[in-house]
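Heavy-atom basis, side chains included; hydrogens, waters and symmetry copies ignored.
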Amino acid sequence: QVQLVESGGGLVQPGGSLRLSCAASGSNRSIWTMGWYRQTPGKQRELVATITRAATRNYADFVKGRFTISRDNAKNTVNLQMNSLQPEDTAVYYCNANFRFTPRDYWGQGTQVTVTS
């Protein structure tokens, strides 16, 4: 089984920054894609950013230019640097991981990000 543990969430003012981290453990093979999704009450979970083992990055339009995703393949860690945070970024952020050619997804417990003045 794969376990994902997120950290780095918190409360910040508009325009502030946070850095989220996710550590994966328990995998017997290399994780292909790692990423971040977010969800607010009453809305579907939405993609924020993903990164493959080959370092191909995919960002949602609403975070391009503000967020940066990175990973350390050797440590099975993915990070999300969030700058210029806005109130609409408030959500629970979930770490996600999956393997190439495998439909199963793994999820962390989530970390709360709150952007308020």
Any [X] side-chain heavy atom under 4.5 Å of [Y] side chain:
{"X": "Phe67", "Y": "Asp89", "answer": "yes"}
{"X": "Pro87", "Y": "Thr116", "answer": "no"}
{"X": "Ser84", "Y": "Arg66", "answer": "yes"}
{"X": "Val78", "Y": "Leu20", "answer": "no"}
{"X": "Thr90", "Y": "Gln112", "answer": "yes"}
{"X": "Arg71", "Y": "Ile31", "answer": "yes"}
{"X": "Val115", "Y": "Leu11", "answer": "no"}

Roughly how far apart are [X] [atom1] and [Y] [atom2], rounded to 0.5 Å?
{"X": "Thr50", "Y": "Asn96", "atom1": "OG1", "atom2": "CG", "answer": "8.5 Å"}
{"X": "Leu80", "Y": "Thr111", "atom1": "CG", "atom2": "OG1", "answer": "11.0 Å"}
{"X": "Glu6", "Y": "Asn79", "atom1": "CD", "atom2": "CG", "answer": "12.0 Å"}
{"X": "Leu18", "Y": "Thr114", "atom1": "CG", "atom2": "OG1", "answer": "9.5 Å"}
{"X": "Ser70", "Y": "Met34", "atom1": "OG", "atom2": "CE", "answer": "10.5 Å"}
{"X": "Asp72", "Y": "Ser21", "atom1": "CG", "atom2": "OG", "answer": "11.0 Å"}

Linked, directly or transitively: Phe62 and Tyr93 (ILVMFWY side chains, under 4.5 Å) =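 Yes; Tyr93 is reachable from Phe62 via cluster members.
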
Under the 3.5 angstrom rule, does the side chain of [X] hit a backbone N or O of [Y] as a donor-acceptor pair?
{"X": "Ser27", "Y": "Ser25", "result": "no"}
{"X": "Arg38", "Y": "Tyr94", "result": "no"}
{"X": "Thr102", "Y": "Arg104", "result": "no"}
{"X": "Arg19", "Y": "Gln81", "result": "no"}

Considering non-hydrogen atoms only, spot the tightest contact between [X] and [Y] and give its length.
{"X": "Gly110", "Y": "Val92", "result": "CA-CG1, 3.9 Å"}
{"X": "Ser30", "Y": "Phe99", "result": "O-CD2, 3.1 Å"}
{"X": "Leu4", "Y": "Ala24", "result": "CD2-CB, 3.4 Å"}

Is it the case that over 12 heavy atoms from other parts of the model lie below 6.0 angstrom from the [atom1] atom of [X]?
{"X": "Arg29", "atom1": "CZ", "value": "yes"}
{"X": "Gln109", "atom1": "CD", "value": "no"}
{"X": "Gln1", "atom1": "CD", "value": "no"}

Go through the steps for Tyr106 and Gln3 under the test side chain to side chain contact (heavy atoms under 4.5 Å, CB included), then give the verdict.
-> CA-CA 8 Å; Tyr106 296 88; Gln3 294 82 43; over 6 Å; no

Pair Tyr37 and Trp107, ring centroids less than 6.0 Å apart |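 Yes, the ring centres sit under 6.0 Å apart.
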
Decide side chain to side chain contact (heavy atoms under 4.5 Å, CB included) for Arg100 and Arg53; before the verdict, give the C-alpha distance in whole Å, the side-chain angles of both, and the deciding distance to 0.1 Å.
-> CA-CA 10 Å; Arg100 201 173 188 182; Arg53 188 174 179 84; over 6 Å; no

Apply the test side chain to side chain contact (heavy atoms under 4.5 Å, CB included) to residues Met82 and Val48: give CA-CA distance (whole Å), side-chain angles for both, the deciding distance (0.1 Å), then the verdict.
-> CA-CA 11 Å; Met82 304 186 294; Val48 177; over 6 Å; no

